[in-house]
Structure formats: C-alpha cells, structure tokens
Protein chains: 2
Amino acid sequence: MSDTNTLSHEICGILRDEILLQRYRSGERFPSERDLASRFDASRGAVREALSQLDQMGLIRSQPGGARIQSIDSASIAILGPLMVLNEFPDAELVDQFLQTFAALTSLSIKGAIEKADEAQLIQMTKMVVEMSRYANDFETMQPRMSLFHELISNITDNLVVRLIGNDLKAQFVEGMMQSGIKPMMNELSLEGFFKKLEISISKKDGAMAADAFDQHFEELRRATKLAIQTREQELSLKTA
Amino acid sequence: MSDTNTLSHEICGILRDEILLQRYRSGERFPSERDLASRFDASRGAVREALSQLDQMGLIRSQPGGARIQSIDSASIAILGPLMVLNEFPDAELVDQFLQTFAALTSLSIKGAIEKADEAQLIQMTKMVVEMSRYANDFETMQPRMSLFHELISNITDNLVVRLIGNDLKAQFVEGMMQSGIKPMMNELSLEGFFKKLEISISKKDGAMAADAFDQHFEELRRATKLAIQTREQELSLKTA
DNA sequence: CCGACCAAATTGGTCAGACCAAATATTAGC
DNA sequence: GCTAATATTTGGTCTGACCAATTTGGTCGG
C-alpha cells in the first residue's frame, strides 16, 4: 500500500505468514503486545500498529484480554497474495482459483462493456483486439496490451465493485507470479482463435459470444499456468536431487 | 472486524467518510497526525492507528512529509459498504453493482459445485432447494436457507478466492441494506420458477443450466431491489414535502 | 471432584513527551 | 526567476504511565 518499509509492516508480514502457515489454531490467543514487543525488540506502539493491520486483514480479532486467531474464512482478500507464495513455489490450486475468478469477473465485464459501448468505443475495442492479435506468438508483448484492453472494458462497464476486486487480486497475483518467476506459455493457435472470436463478437455486439471467448482464453491460461508451475516444481526437484 | 468501539476506529470511520464524500482531492496532502490529534482531542497514537487503517484501505498513502489522498480505484473492497450508505438512502447504482458481482461469482460457484459434488451432496442440494421453494412467498424465511445453500455450494466448490470475496462483500452489503431498511419484494412466480429450474439442473447435473437459473434469479433480485430503493426515495421525498 | 466466587495479574487502549529521519517550505544568493 | 541552503514540519518510533476489560489462580462449599 504505502511505505511498507516501516517496522510495523515488517512485523505484520512476519506474523501474517506465521498465521497463514498455521502456527496458531483458530480461536487461540495470540501473543501479547508486550511479548511481541520484546520478541521483535520494538516498541509496543509499533507492535500495536502491526496487530491493527492483522486485525484489519481479518486474521486476528483484537480485544481486551488478548487478540484471538480468526478462521481464514473471515479474512480479507489481502491475504491471498501472501498465501499464494507461502512456500517455495506458488500454490497451484490457489493460482487456479485466482484465474477462475478473473474469468468470472471478466465475463461479467465484457458482457457489460459490449452492451454499454457506443460506436467509437466498439471501434476502439476492435482496434485493440486486432493490435493484440499481432502478438499471439509473443505473450510478454501481448500482455500489456491485454491489460489496457481490460482497463478499457472496465471503464466502459464502470462497475466499481468489480474494479476494486480486480485491481486488488491482479496486483497480488502479478506480484506473486513475478516473485516466483512462473511464466505460462500460451498456445499460439489458441490465442489466435481467441482474438478472432473476440473480434467477431464485438462486431456482432454479441456479449455472450465475447464472454465465451474469454472463458476459453482463461481455460487455456489455466492449462498453461498449471503446466508452468509443474515444470518449475520438477526443475526444483531435480535441483535438489 | 473486532472491537470497533475504539477511538482509532471511530476516527478512521469519520475520516473514511470524509474521503469518500470527496472532501479531499486525489493526490492532496492529508491533515497531519498532530493536527488530527488536536481536532479529535486524542493522542497521536490513536490517530496513527486510524491513519494506518485508512492506509490499509487504500484511501491514503502514508509517507514521511504527510499522507496523500489516493484514487478510489486503488482502494480495497472494504470501502464498498460505507460507500453504499454514504447518503440518506443507498446508492442504487452501487447496490446493483454488488448484485451483478454476486451473480457472477455465484454462477462460477454453482457450476463448480455441480461438477464436483458427489451423490450425497447432490441429494443434499436438491433437498435444500425443495425446502427453500416452500418459502417462495416469504422472502425473509427463505433468505437464511438461501444463505445455507450458498455455504454448501461454497464448501463443495472450495474456491478460497471466491469465498473471501463473497464473505466480505456479503457482510458489507447485508449491513448496508439492513441499516437503510431496504427490503426487496421478490415476485413469487419468478422465485418458484427459479427453484424449479434449479432443481432440474441439479438432477441433470447441468451446471450451465443452474448458472442460468441463478442469473435469472439475480435479475429479478436486481429489479426488486431497484424498485424498493426507488420506493424508499419517494417515501422520503414525500416526507420532506 | 466440580462449580462458583473473588482477588490478583495480565492484557488491550490510550495518553504525554521525546527523539530521529525524511519531506516540505522558506529564505538567501546569483 | 531559479537554485541551493536552511529551517520547519511531518511521519516513525521510543519510553513510561494509567485505566478498563479479561484472564488466571486460589479458596470455599456442595
């Protein structure tokens, strides 16, 4: 969020990961502020701020008599990025859940955008899709253009709820993937098919068709990402042996 | 989240609402901790905690030299509930966006649940749908059962990303609606049709059909909620005149 | 042995004052 | 008017203190 070099953020990160690693049981009392201040050789004020952050993430519940560990189910989505990269390589299942959720939200957005777009916007959308399709064989050059396309869609749809979720999830997801060096290799033919279908659906103003195109696109992305993670795991296993 | 009767939470809530009411421009410097401590007749420690909360919501960016106001686009979904009830009656557009987002996430969940459910779970789902359909004419009795159904779906699908989003959004949405006393009146025939279609889709293990049933259900809920808000607005207008 | 009750200890919530690093505002010089 | 130096402001953190709320441990009675 902001100046995350502060002591309280550092303490929060360490405690967050301990909680996510299940070092504490749900309902258990968390160490006291005074104990944590001693453990981290910090002031109680810095520890209080760290605990307030954990509280706001839903990981603990602060109350007089001592904070309690909360169930992960009541946590905020802010924990998903850290949860994804808790171990040596990303949690493949959680990564897949991210992608499924992106797909669902994108489906909603593209339908809304095609419904709401004026002629100029539809033309712009088509232009961007054509531009992107030139890079079906170059994922890294295509990706920033895809992001711009998503932004355009989001602006046309103008659904704040979806935007805030999408921004938050994407930031965490992208950071986690970069951190672990996972790069999915998309199938070129699949990508070309996607762009073609998307272009047609826009010209026909067929939101359902566009949504279907994106669904297929995300299925391919899920496949490619799963493969990339497996490959990475195997590399790491060979390295250890 | 937790003990929200604390001074820091109170201060945070007041400042959050001022920000959401656009009392400050994006990029502008926020009042200093010392000024805010004076304004609220509180210690700097309590103010610091409040600002840390605002920072974590993405509403401000704390840094030496003074915190800066951030664009709403970078905020966390935790602001959506408060944003919804900023004024006398809920923001109808935002309420609708909530419902659209619930629909998209539910669609994903029901498809996943039908795909993953074993026989016992399918039977349980069917039972719950039949139980619910008995209350098609009594929204308030039906609603808790619908919540349980959603929980079952969520448990079967087991997508943590969707669960955390759903839990957070739902908590904020329900609180906002209760606070404003808005109660949508669902069309009984529509509800009955929904339950029937849902029951059939489960027995056929047809996830797409179930998703379609929920889409239609949410369309009806959107219509009913929009009407309820309009009715409320008109009541309040008459009251003022 | 178990449950109820009470006192002591522990814990969170907040305060005031101090100090240092980083950013901002002001002033002086060209 | 522009730039650099200086002063001021601001955030980040610390220490020690106090009060309200919760937890713990001990005692007593059934």
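We name chains A, B, ... by the order of the sequence lines, and we start the count at 1 in each one. Atoms considered below: every heavy atom in the structure, side chains included; atoms not considered: hydrogens, waters and symmetry mates.
Within the model, atoms CD of Q70(A) and OG of S26(A) stand 6.5 Å from one another, a figure rounded to the nearest 0.5 Å.
What separates CG of D41(B) from P of dC15(C) is a distance of 8 Å, to the nearest Å. Look at CG on L7(A): it is 14 Å from C1' on dA21(C), rounded to the nearest Å. What separates CD of E33(A) from P of dG16(D) is a distance of 17 Å, to the nearest Å. Distance R61(A) CZ to dT11(C) C1': 16 Å, rounded to the nearest Å. In this structure, CG of D55(B) is placed 12 Å from P of dG11(D), rounded to the nearest angstrom. One can place CD of E49(B) at 12 Å from C1' of dC15(C), the figure rounded to the nearest angstrom. The interatomic distance linking R48(B) (CZ) with dG17(C) (P) rounds to 18 Å, in whole Å. Residue F30(B) contributes atom CZ, which lies 10 Å from atom P of dG11(D) at whole-angstrom precision.
At a cut-off of 3.5 Å, with distance as the only test, no side-chain donor of T157(A) or K111(A) sits close to an acceptor on the other residue. Inspection of the D96(B) and Q100(B) side chains reveals an N or O donor paired with an N or O acceptor under 3.5 Å. Between the side chains of E151(A) and N155(A), not a single donor N or O lies within less than 3.5 Å of an accepting N or O.
For E93(A), the CD atom is loosely surrounded, since the number of other residues' heavy atoms within 6.0 Å does not exceed 12.
Nearest nucleotide to the side chain of S32(B), out of dC15(C), dC14(D), dG11(D): dG11(D).
In this structure R68(A) satisfies the salt bridge (charged side-chain N to carboxylate O under 4.0 Å, His left out) test with no other residue, sequence neighbours excluded. For F214(B), the ring pair (Phe, Tyr, Trp, His ring centres under 6.0 Å) partners at least two apart in sequence or on another chain are H150(B), F194(B).
For S43(A) and dC14(D), the shortest distance from a side-chain N or O to OP1 or OP2 is below 4.0 Å.
A donor and an acceptor atom sit less than 3.5 Å apart, one in the side chain of R34(A) and one in the base of dG12(C). Counting distance only, with no hydrogens placed and no angle test, the side-chain atoms of R44(A) and the base atoms of dG13(C) include a donor-acceptor pair under 3.5 Å.
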What's touching nucleotides 23-27 of chain C from the protein side, N or O pairs under 3.5 Å?
residue, atom, partner, partner atom, Å
dA23(C), O4', P64(B), O, 3.4
dT24(C), OP1, R68(B), NH2, 2.9

